[in-house]
There are 2 protein chains.
Amino acid sequence: MSIVERKDRELHARHAARAHDQRERILDAARRIVMRDGLAALSMRKIADAIGYSPASLYLYFAGRDEIAEALGRECYAQLLAQLEPLGLIADARERLHALAHAYVAYGCDHPQTYELIFMAHKTRAEHVGPAARRHRAALAEAAGEPEAGAAPACGARLFAATLSVLTPPSGAHVDGPLLAQSLWATLHGAVMLTLARAGFEHAAPGPLIDATLDAWFGARAAAAASPAAQAPGVAS
Amino acid sequence: MSIVERKDRELHARHAARAHDQRERILDAARRIVMRDGLAALSMRKIADAIGYSPASLYLYFAGRDEIAEALGRECYAQLLAQLEPLGLIADARERLHALAHAYVAYGCDHPQTYELIFMAHKTRAEHVGPAARRHRAALAEAAGEPEAGAAPACGARLFAATLSVLTPPSGAHVDGPLLAQSLWATLHGAVMLTLARAGFEHAAPGPLIDATLDAWFGARAAAAASPAAQAPGVAS
DNA sequence: GTCTATATACTGATAGAC
DNA sequence: GTCTATCAGTATATAGAC
């Protein structure tokens with residue numbers, strides 16, 4: 001049975017590898033389409049045309065358009081986290097937060113299609129709430145400052161957990177760190193969304209906006225350490 | 001020529017009134033569909049069926065689906081502003097800002113379809129940037145704290161301009177009011193979007209989140225006026 | 001495993017008859 | 001002013017040839 005079993009396993013492994021390769025080919029083509037024409041332009045026919053397949057064959061590897069979009073979304077989310085991860089190692093808390101915030105917003109603004117994919121993939125088709133989207137949202141919730149919630153993409157948790165240190169200074173008493181981390185995340189997300197929605201319009205650049213926000217939050221402390229002049233609006237009087 | 005001219009004018013007026021009524025009927029049906037099944041479910045056929053028309057006839061009153069969605073979006077935007085407007089009259093600056101922020105987020109979270117309509121109508125079909133969407137975005141930019149930018153829906157400008165007073169205390173020197181107003185708006189918008197995206201999931205309720213945000217921004221000043229204990233994270237050390 | 005072909009059921013939009 | 005009929009797309013799914 002040894003030879004037969006081995007051959008059988010080899011065959012299975014080869015099949016699995018081939019299936020994996022085909023999925024990659026499909027995802028590559030889908031990614032190109034989304035990057036070029038946006039998520040709304042993604043269709044099974046276009047993907048099939050791009051890789052010389054028939055539309056029917058795609059259904060052998062993906063359940064449908066939504067599963068492909070979700071797979072791309074997870075990919076892009078991982079890419080965003082990977083881009084932020086090294087910044088989470090910056091020693092100085094204020095500097096680290098500054099770098100993370102700017103990098104996050106810059107990523108969203110510079111790659112609208114990618115950002116759309118991360119947050120919209122599960123909303124393209126109405127009312128679709130698949131398990132993949134569920135996992136994705138859990139990861140986002142976790143990244144916002146609730147490290148105990150999920151488990152899978154723990155690097156996101158570590159990343160935002162690292163920023164919590166600046167939100168909970170040792171001497172601060174009544175501070176809800178996770179809540180403020182979510183607030184900050186909402187600000188960053190909102191800045192990206194508003195910038196994208198008003199693309200091509202006169203509006204405050206997201207960079208200065210984030211600077212002003214961080215100054216308003218933490219500028220007073222930093223300024224107090226550097227110079228006694230108060231600059232933050234919340235403590236001006 | 002007097003009689004002929006008068007009859008002509010009457011005819012024109014009647015036609016215009018009739019066209020206006022038909023547009024209203026179409027928009028009513030469209031609104032019902034969007035509120036029930038979401039913006040993605042809005043289609044010319046469904047609208048036509050709902051009012052007993054053929055799909056082709058709708059194109060006599062609207063250029064297409066997008067124009068209908070945009071018209072609904074402008075409607076909803078006006079409704080949101082109308083709901084916020086009385087709150088802009090609250091005398092106390094901090095109270096006013098608190099009420100406006102909570103009302104804004106509550107509106108967005110309680111009426112997902114409406115909020116989606118306001119911000120997404122022009123993004124449903126890819127790359128569509130019509131003049132109506134342009135006007136809409138201009139109004140939003142204006143509402144964020146640039147009263148001089150546009151002109152049409154000035155009530156939104158007055159509304160957010162009123163909140164600027166709390167952002168620019170008389171004694172505060174280096175404060176960019178409009179920029180901070182945009183930051184606050186981004187936070188509110190982001191809180192709504194994240195809440196809607198993670199609907200049905202465990203996450204911080206938007207109410208406490210906004211409370212924490214406002215406390216972080218302005219709690220110190222208010223607390224300093226009421227009691228000498230510092231509660232804001234940015235000024236804890 | 002992949003193809004062609006077909007089927008159903010949608011979508012926006014248009015031409016032309018009445 | 002409204003209709004029917006139609007075009008060109010879309011997703012999804014299946015049957016059967018190779």
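Below, chain A is the first sequence line, B the second, and so on; all start at residue 1. Small disclaimer: the values here were computed from a predicted structure and weren't measured.
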Rounded to the Å, how far apart are B/Asp49 CG and C/dA9 P?
15 Å
Classify the nucleic acid contact of B/Leu42 as base, sugar-phosphate or nothing, counting any heavy atom under 4.0 Å across all strands shown.
sugar-phosphate
A/Glu67 atom CD is separated from D/dA11 atom P, nearest whole Å, by 15 Å
Check the distance between C/dG1's C1' and A/Arg18's CZ and give it to me in whole angstrom.
7 Å
Strictly below 4.0 Å: does A/Arg14 bring a side-chain N or O up to OP1 or OP2 of C/dG1?
no
To the nearest Å, how far apart are A/Arg25 CZ and C/dT2 P?
9 Å
Does A/Asp28 come within less than 4.0 Å of A/Arg31, counting only side-chain N to carboxylate O?
yes
With a 4.0 Å cutoff (strictly under), does any side-chain N or O of A/Ser54 reach OP1 or OP2 of C/dC3?
yes
A correct 5'-to-3' footprint of nucleotides 13-18 of chain C, with B, S and - meaning base, sugar-phosphate only and no protein heavy atom under 4.0 Å, is BBB---
B/Tyr53 vs D/dT2: side-chain N/O to OP1/OP2 distance below 4.0 Å
yes
Just the rounded figure in Å: distance from P of C/dG1 to CD1 of A/Ile26.
14 Å
Integer-rounded Å distance: C/dT11 P and B/Ile68 CD1
13 Å
Determine yes or no for a side-chain-to-main-chain donor-acceptor pair under 3.5 angstrom, with B/Arg23 supplying the side chain and B/Tyr61 the backbone.
yes
Rounding to a whole Å, what distance do you find between A/Tyr61:OH and C/dC3:C1'?
12 Å
Can you tell me how the ring of A/Trp185 sits relative to the ring of A/Phe119, calling it parallel under 30°, perpendicular over 60° and tilted otherwise?
tilted
Quick one: which of D/dT2, C/dT11, C/dT2 gets closest to the side chain of B/Ser43?
C/dT11
Is the distance from OP1 or OP2 of D/dG1 to the nearest side-chain N or O of B/Gln22 less than 4.0 Å?
no
Out of D/dT10, D/dT2, C/dT11, whichever nucleotide has its closest atom nearest the side chain of B/Lys46
C/dT11
Round to the nearest Å and state the distance from A/Leu60 atom CG to D/dA15 atom P.
14 Å
Given 3.5 Å as the limit, does a donor-acceptor pair link the side chain of B/Ser183 with the main chain of B/Leu179, or not?
no
Taking the side chain as everything from C-beta on, heavy atoms only, tell me whether A/Leu188 gets closer than 4.5 Å to A/Val192.
no
All heavy atoms of B/Arg45 vs all of B/Pro55, minimum pair found to be CG-CG, 4.0 Å
Are B/His98 and B/Asp211 close enough that some pair of their side-chain heavy atoms sits under 4.5 Å apart?
yes
